[in-house]
Each structure stands twice: as C-alpha cells, then as structure tokens.
Amino acid sequence: MDYQTLNLLFRCNKEFSHGKIRMQELSDTECMICSYIYSHESCSQDDVSVALKTDKTTVGKALASLEKKKCVVRNQDTADKRFKRLSLTADGHKRVSELVDIHNNWLNEIMKCLTEEEQKNFENYCKRLLNAAEKLSRK
C-alpha cells in the first residue's frame with residue numbers, strides 16, 4: 001500500500017466524522033484526548049501526552065478547555081499527591097461514547113467489503129504496523 005492510499009483512508013474518516021465531532025463542540029485534539037481517557041480511565045496528563053504523541057503543553061491546554069466544558073475532571077492521586085488522575089464526567093462520557101460509536105460504525109461499514117478472515121488479518125496487520133511504527137519513532 002502506498003502512503004497516498006493510507007492518507008486518503010484517514011482523510012475519508014476525518015471527512016465522515018468531522019462534522020459530528022463539531023456537533024459535540026469539541027476540537028479534534030479534545031476528541032482524541034477524551035477518547036483516550038474513555039479507554040484509559042484514571043490516566044495522567046503525561047500518559048495522554050505519551051500515548052497520543054502530543055506535546056504536553058498542547059494536552060494541558062486541551063484539558064483546561066475540557067474542564068471548562070465539564071467533560072473532564074482532574075482528581076489527586078491517592079497514592080502520589082503530585083499526580084492528577086483524569087476521568088470523564090457523566091456528560092463527557094456521554095459525548096465521547098457517541099463519538100466512539102461514530103468511528104466504530106464507520107469502520108464496521110467500510111470493513112464490510114472484506115471477508116471475516118480478511119478483517120482479522122487486517123486488524124493483525126495494523127497492530128504489527130503500529131508496533132513497527134512505534135519502534136521506529138523511538139530511534
């Protein structure tokens with residue numbers, strides 16, 4: 001697969017979901033951060049920054065905005081008072097679950113052109129590619 005094809009696939013997803021994300025009054029960065037917290041409850045700001053490969057300042061600004069929008073709360077870690085743990089509010093959880101459903105529905109729809117075996121293979125290939133990409137980015 002050439003880069004152009006992969007890039008177009010990502011752009012199609014963004015085009016499909018962009019308006020729906022905007023209806024939730026979230027930026028793309030805020031959506032990405034909320035989606036991570038949704039899957040990794042009680043993570044830290046550093047966890048988010050590392051996992052999403054996003055600058056700590058960018059994450060910090062987005063989290064401040066998400067707190068104002070009452071989507072995210074920061075709670076002091078009980079074991080280590082220096083750390084704040086992030087979690088979604090009830091409203092944040094509702095918003096993000098709707099967005100996750102949008103992305104999952106899009107992926108399920110486009111995957112229908114593949115057989116069940118091809119879908120499993122594709123998922124395995126993507127995991128392997130991600131692993132290789134992460135190793136390469138650490139060099």
Side-chain angles (χ1 to χ4, degrees):
M1 173 187 296
D2 63 282
Y3 180 75
Q4 179 73 16
T5 302
L6 189 59
N7 189 38
L8 287 172
L9 183 62
F10 291 133
R11 287 170 118 359
C12 285
N13 174 268
K14 188 171 184 170
E15 184 178 287
F16 176 84
S17 61
H18 192 73
K20 293 165 180 61
I21 291 170
R22 292 288 176 257
M23 287 174 33
Q24 294 293 338
E25 298 176 358
L26 297 174
S27 70
D28 291 337
T29 301
E30 291 169 343
C31 179
M32 195 169 52
I33 290 169
C34 283
S35 295
Y36 183 81
I37 297 169
Y38 181 82
S39 300
H40 302 85
E41 198 66 33
S42 295
C43 59
S44 69
Q45 181 173 331
D46 285 347
D47 295 336
V48 172
S49 178
V50 169
L52 300 180
K53 298 178 183 353
T54 305
D55 181 72
K56 289 180 184 182
T57 304
T58 301
V59 172
K61 288 178 182 178
L63 286 170
S65 173
L66 288 165
E67 284 180 301
K68 287 179 185 171
K69 294 176 182 180
K70 303 209 184 306
C71 290
V72 172
V73 291
R74 300 180 207 218
N75 296 306
Q76 198 166 39
D77 186 290
T78 54
D80 189 341
K81 303 292 184 198
R82 295 173 297 164
F83 287 103
K84 301 277 185 182
R85 295 290 167 195
L86 304 170
S87 58
L88 296 174
T89 63
D91 184 50
H93 195 275
K94 180 182 179 291
R95 286 184 188 194
V96 174
S97 65
E98 290 172 6
L99 294 173
V100 167
D101 285 346
I102 289 165
H103 289 292
N104 285 338
N105 291 339
W106 178 83
L107 189 56
N108 289 335
E109 192 62 35
I110 68 164
M111 295 283 279
K112 286 180 181 178
C113 70
L114 303 175
T115 66
E116 191 173 320
E117 182 179 350
E118 288 172 327
Q119 289 179 26
K120 288 177 185 175
N121 287 338
F122 180 72
E123 186 174 337
N124 288 330
Y125 297 151
C126 287
K127 287 177 183 177
R128 287 172 44 197
L129 288 168
L130 178 59
N131 187 34
E134 288 175 338
K135 284 180 184 175
L136 185 61
S137 69
R138 289 190 286 262
K139 287 185 177 183

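It should be emphasised that the depicted structure is a prediction, and the values quoted were computed from it without experimental measurement. Just so it is clear, the values below take in all heavy atoms, side chains as well, and ignore hydrogens, waters and symmetry mates.
- In this structure, T89 OG1 and E67 CD are separated by 10.5 Å, a value rounded to the nearest 0.5 Å.
- The minimum heavy-atom distance between E134 and K53, with the atom names listed, is CG-NZ, 4.1 Å.
- Here D77 pairs with R85 under the side-chain hydrogen bond (donor to acceptor under 3.5 Å, both in side chains) rule; sequence neighbours left out.
- In terms of hydrophobic clustering, with Ile, Leu, Val, Met, Phe, Trp and Tyr side chains grouped at heavy-atom distances under 4.5 Å, L88 and V73 are assigned to different clusters.
- Of all heavy-atom pairs spanning V72 and C34, the tightest one is CG2-SG, 4.2 Å.
- Between the OG1 atom of T29 and the CG atom of L52 there is a distance of 9.5 Å, given to the nearest 0.5 Å.
- Scanning all heavy atoms of the two residues, the minimum distance from L26 to C71 falls at CD2-SG, 4.3 Å.
- Note that CD1 of I102 and OG of S17 are 7.5 Å apart. Values are rounded to the nearest 0.5 Å.
- Among pairs with a residue in residues 3-16, those fulfilling salt bridge (charged side-chain N to carboxylate O under 4.0 Å, His left out) read K14-D28, at least two apart in sequence or across chains.
- Between D101 and V96, the closest side-chain pair of non-hydrogen atoms is not below 4.5 Å.
- For V50, there are no side chain to side chain contact (heavy atoms under 4.5 Å, CB included) partners, not counting sequence neighbours.
- Counting only distance, with no hydrogens or angles, the side chain of Q119 and the backbone of L114 share a donor-acceptor pair below 3.5 Å.
- Within the structure, the ring pair (Phe, Tyr, Trp, His ring centres under 6.0 Å) test picks out the following pairs touching residues 74-104 (sequence neighbours left out): Y38-H93.
- In terms of hydrophobic clustering, with Ile, Leu, Val, Met, Phe, Trp and Tyr side chains grouped at heavy-atom distances under 4.5 Å, L8 and M111 are assigned to different clusters.
- Between Q45 and R74, the side chains place a donor N or O and an acceptor N or O closer than 3.5 Å (distance only, hydrogens not considered).
- Between D47 and S44, the side chains place a donor N or O and an acceptor N or O closer than 3.5 Å (distance only, hydrogens not considered).
- Taking 4.5 Å as the limit, every side-chain heavy atom of T54 sits out of range of all side-chain heavy atoms of I33.
- The side-chain hydrogen bond (donor to acceptor under 3.5 Å, both in side chains) test applied to S65 returns E30, not counting sequence neighbours.
- Nearest heavy-atom pair across S87 and N75 is OG-ND2, 3.7 Å.
- Remark: L9 pairs with W106, I110 by the side chain to side chain contact (heavy atoms under 4.5 Å, CB included) rule, at least two apart or across chains.
- Inter-residue side-chain proximity for L86 and S42 is flagged as unmet; no heavy-atom pair is nearer than 4.5 Å.
- A donor-acceptor pair under 3.5 Å links the side-chain atoms of N108 to the main chain of N104, judged by distance alone.
- Every residue two or more places apart in sequence or in another chain was checked for a salt bridge (charged side-chain N to carboxylate O under 4.0 Å, His left out) with D2, and none qualifies.
- Take E41 and apply the side-chain hydrogen bond (donor to acceptor under 3.5 Å, both in side chains) test, not counting sequence neighbours, and it matches no residue.
- In this structure the side chain of D46 reaches within 4.5 angstrom of the side chain of K56, judged on heavy atoms.
- Residues meeting the salt bridge (charged side-chain N to carboxylate O under 4.0 Å, His left out) test with E118, sequence neighbours left out: none.
- The CG atom of L63 lies 12.5 Å from the NZ atom of K61; values are rounded to the nearest 0.5 Å.
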Just distance, no hydrogens or angles: give the donor-acceptor pairs under 3.5 Å from side chains in residues 124-133, sequence neighbours left out.
residue, atom, partner, partner atom, Å
N124, ND2, K120, O, 3.3
K127, NZ, E123, OE2, 3.4

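- Looking only at side-chain heavy atoms (C-beta outward), V48 and C43 come within less than 4.5 Å of each other.
- Put simply, the side chain of Q76 never gets that close to the backbone of K84: no donor and acceptor are under 3.5 Å apart.
- Residues V59 and S49 approach most closely at CG2-CA, 3.9 Å, considering heavy atoms.
- Residues forming a salt bridge (charged side-chain N to carboxylate O under 4.0 Å, His left out) with K94 (at least two apart in sequence, or on another chain): E98.
- Pairs passing the ring pair (Phe, Tyr, Trp, His ring centres under 6.0 Å) check and including a residue from residues 49-71, sequence neighbours excluded, do not occur.
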